[in-house]
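Down below is the structure, laid out as structure tokens.
Chain letters run A, B, ... following the sequence lines, proteins first, then strands; residues in each count from 1.
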Number of protein chains: 2
Amino acid sequence: MGSRHISLKDLARELNISISTVSRALKDHPDISREMKEKVKKLAIERNYTPNPLAMGLLKQETRMIGIVVPDLVTHFYASIISGIESVAKENGYFAVIASSNENIIKEKESIENLLKARVEGLIVCMSRETNTTDHFEKLVSRDIPLVMFDRVCLGDKIPAVIADNADASQKIVEHFYAKGYRRIAYVSGPENLSISKERMKGYWAGIKACGITPDENLVENCDLTFESAKTAMNRLLQLPNPPDAVYGINDTVAFGLMKAIKEAGLKIPDDIGVVGFTDEFHSVVVTPALTSVTHPTFEMGQQIAQLFFKSLTPGFQAETLIVKTQLVERESSNKSQS
Amino acid sequence: MGSRHISLKDLARELNISISTVSRALKDHPDISREMKEKVKKLAIERNYTPNPLAMGLLKQETRMIGIVVPDLVTHFYASIISGIESVAKENGYFAVIASSNENIIKEKESIENLLKARVEGLIVCMSRETNTTDHFEKLVSRDIPLVMFDRVCLGDKIPAVIADNADASQKIVEHFYAKGYRRIAYVSGPENLSISKERMKGYWAGIKACGITPDENLVENCDLTFESAKTAMNRLLQLPNPPDAVYGINDTVAFGLMKAIKEAGLKIPDDIGVVGFTDEFHSVVVTPALTSVTHPTFEMGQQIAQLFFKSLTPGFQAETLIVKTQLVERESSNKSQS
DNA sequence: ATGAAAGCGCTAACAT
DNA sequence: ATGTTAGCGCTTTCAT
């Protein structure tokens, strides 16, 4: 099977010199003569020598691997953030090892354990939607394992994090609806244990207040972030004696579910009901009508996450939470014909 | 930084026994007494001992890592296949290390080199759209490095592969269009170096022939698989003196580009022009009209890819190409009102 | 300027 | 039934 890799020993034997000389020559140690260095380097290239990271890792007690745990791999949001993390990791000579929790708390814990067993040097995690306890994160902190969280976060005073300006963005959505002439603005939120749910909810109410709208608890619904549960939530809203004329979904998948339910009820978007999402998945432009949504700069967010991770490795680092600016991209789904 | 991991040495010292006794006790070696085993195991659990994979890897010359190189991470197709690969890899005690080529041949080669440097035990690769040479794959074969390719493949006689029934599916699309009453059926293909382009093209012509349609070279266009280039290709088709009344895009991203161009030209889907895609991305259902497309069982495909990989590790294995059955999912975009 | 030896954590052949 | 030793590939201290 796998071709034998060339080792320092192989090179040393071939040149009839000691292993340490080869090692030093390859890293330009001042003690080694110019000719010797050239001879060794030439052969190393010829034989396609690459240092064995396992040996180095064992010796230096480092693996140069970062473990990433995300709720899923197939959502553009996570995939793009991972790309960003990876790009910075690579620059720093690190590998990203990725595991998916499949939105499941058990698998989240397992993934973390497995990555630790594999000796990653630290973790970057976005909580699953089921995660309603934080002891497994506390344990990481107390074991001094480098950890950065993003998007769905917890324990902000102890764990460095990168999140969106959720409350702000949320408030702006309500204000956008209001400016477009919508008045009964509903919100379909996610599981209450998630920080994004709490923060976006806060922003929603702030927006309602800022617009001088009479708050109506009935206009707030919950779902478990799936397409189907969003449809169900929307159907409940449509049953209301006084149904909404606008609805904001906590993310795009949810917004698509809302749209589906609205269309199935025979209502028109944006004239009967306006819709806005959050995250700006690729399909936002492809759906009809095109979905107004909040854009995360996902790739850059990934880069910031990785940078924060490396920063957290430096001695004396204090946990901090980075807030990333988002932008509301107005499209057709919230563009009511003014009457 | 990273908390010190517990080693066999630590356990041995604490119990005042030798390292080998600890090692043997932990793996239920028959020579070790029952009491000793229990004592050791108890402490191991207490101290949260996990074997150091670097030490094992160094010793056994294995890393239990598989390197995966895909054109991108953000397309659902790849993300889902990766999930499938990962699930089987995990069952076999392997980790998947993922790298993206970003559809770039240079990065593809770099990624392969980096993964090899990291001592992955083998590779699973889907070529970038730019990849028009195969020497870097030949080199892997000649170096005896386990390699499985999928979707966009090459050197089928030497490299095991998993692909869709591209030609068949393609022919069925044409026949589906024909059955629906479309007669001038166009095809927007991808880069000619890709196996999927060649195979789907073959199926297209077979379908044209099977339907008894007079072949028209003008109805075949090329693009580089991006949304934008697909739009451009569609616009060229629309300029034709005798434009198509149906168009099949080599994948869904392309199909979305086609749809965009058609809409911008003020034409109606499916009545003026029918559209069919390939791959069945999530957004197919969310776009309007819903896109008829060919479904790959992506997760299962990933599982098969991983299984083939492990099979390829067994001595005497001969390269084989697995062909995965796909299914045409009929939606609105190709459902012409019969007149 | 170069070599020898120890040690990172582990297993297995070889003692006892 | 348990201990000792060598070695996987590498760096580094200590010789020479």
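Atom CZ of A/Arg119 and atom C1' of C/dC10 are 12 Å apart (whole Å). Distance CG (B/Leu54) to C1' (C/dT11): 16 Å, rounded to an integer number of Å. Atom CG of B/Asp10 and atom P of C/dG7 are 15 Å apart (whole Å). B/Ile32 has its CD1 atom 13 Å from the C1' atom of C/dT11, to the nearest Å. Between the P atom of D/dT12 and the CG atom of A/Leu58 lies a distance of 14 Å, rounded to the nearest Å. Rounded to whole Å, the distance from NZ on B/Lys9 to P on C/dT11 is 15 Å. Computed from coordinates, the A/Leu26 CG to C/dA1 P distance equals 18 Å when rounded to whole Å. Atom NZ of A/Lys37 and atom C1' of C/dT2 are 13 Å apart (whole Å).
A donor and an acceptor atom sit less than 3.5 Å apart, one in the side chain of A/Ser20 and one in the base of C/dA4.
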Stepwise salt bridge (Lys or Arg N to Asp or Glu O under 4.0 Å) check, B/Asp28 with B/Arg34:
CA-CA 9 Å; B/Asp28 268 325; B/Arg34 187 141 302 283; over 6 Å; no

Assess whether salt bridge (Lys or Arg N to Asp or Glu O under 4.0 Å) is satisfied between A/Arg119 and A/Glu62, documenting all intermediate values.
CA-CA 8 Å; A/Arg119 300 296 195 266; A/Glu62 62 178 34; over 6 Å; no

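Here the CE atom belonging to B/Met301 is positioned 10.0 Å from the OG atom belonging to B/Ser80, to the nearest 0.5 angstrom.
When the nucleotides D/dC10, D/dA1, D/dC8 are ranked by their closest atom to the side chain of B/Gln61, D/dC8 comes out on top. Among the nucleotides C/dT11, D/dC10, D/dA1, the one closest to the side chain of B/Leu59 is C/dT11. The side chain of B/Ile17 lies closest to D/dG3, out of D/dT13, C/dA1, D/dG3. Counting only heavy atoms from C-beta on, B/Asp31 has its side chain closest to D/dT2 among C/dG3, D/dT2, D/dG3.
Between A/Lys27 and B/Asn16, the residue anchored closer to the 5' end of DNA chain D is B/Asn16, taking for each the nucleotide with the nearest heavy atom.
Within the nucleic acid shown, A/Asn52 comes within 4.0 Å of sugar-phosphate atoms alone, with no base atom in reach, counting heavy atoms only.
Counted by atom type alone, B/Asp10 and B/Ser7 present one or more donor-acceptor pairs between their side chains at under 3.5 Å.
For the pair A/Ser23 and D/dT11, the criterion of a side-chain N or O lying under 4.0 Å from OP1 or OP2 is met. Side-chain nitrogen and oxygen atoms of B/Thr21 include none within less than 4.0 Å of the OP1 or OP2 phosphate oxygen of D/dT2. For A/Lys60, no side-chain nitrogen or oxygen approaches OP1 or OP2 of D/dC10 to under 4.0 Å.
Annotation: side chain of A/Ile145 is in contact with side chain of A/Leu116 (closest heavy-atom distance under 4.5 Å).
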